[in-house]
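Both counts, for ligands and for their atoms, begin at 1 and track the order of listing. No experiment lies behind these values; they were computed from the predicted model shown.
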Amino acid sequence: MRFKFCQQCGKELSLREIGDEGLVPYCNSCERPWFDMFSTCVICLLWADKNKFALLKQNYLSRGHHVCVSGYVTPGETAEQAAAREVKEEIGLDAERVDYLGSWFYDKRDQLMLGFAVKIPQEKFSLSCEVDDAEWFDLEGAKKATQGAAICQKLIDAFEQKI
Ligand SMILES: [Zn+2]
């Protein structure tokens, strides 16, 4: 999101040269810049062993393919805490291990997606109301089930290289 108006006083911003940043929207009354804003999110590939992955069906996101657990980082928590919290909220299982895999920018929604592999026990899911279904897949099955979910596919690639 690019700001046109000051978020503190509401005045229209003008562009000002700020160091290496170039032209940045600036409020002359509050004397502060308003840098472009984006959200910080986590996206988690759930695994029990290297050939066992849990993926979600969330019809409000896609009816065609399965997705990874994802959600917003909230103020005050680390990305790793957000990953474990989202996993607990969405499928009801405790993270045994959280490994950072990489980050991707999702232009469509202005979201920086921090990707994690989250190891979970192979137990019964307790799904949140935002999740329509969750299933276990082997590696090849997970790749097929996430076709159309670009960042999930990148997470699986990164998992194969790093874990
Ligand atoms: Zn202002």
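Excluding waters, the protein N/O/S atoms found under 2.8 Å from the Zn ion (ligand 1) are C6 SG, C9 SG, C27 SG, C30 SG.
For N28 and S14, the side-chain atoms include at least one donor-acceptor pair closer than 3.5 Å. T146 and Q153 share a donor-acceptor pair across their side chains, judged by distance under 3.5 Å alone.
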_Go through it in stages, so that I can follow the logic: the residues are I163 and L101, the test is side-chain contact (heavy atoms from CB on, under 4.5 Å), and I'd like the CA-CA distance, side-chain angles, deciding distance and then a yes or no._
CA-CA 9 Å; I163 304 290; L101 292 179; 4.1 Å; yes
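Closest heavy-atom contact between D133 and L127: CA-CD1, 3.7 Å. The two residues F116 and A83 come nearest to each other via the heavy atoms CD1-CB, 4.0 Å. Taking both residues in full, the closest heavy atoms of A134 and L56 are given as CB-CD2, 3.9 Å, listed atom of the first, atom of the second, then distance.
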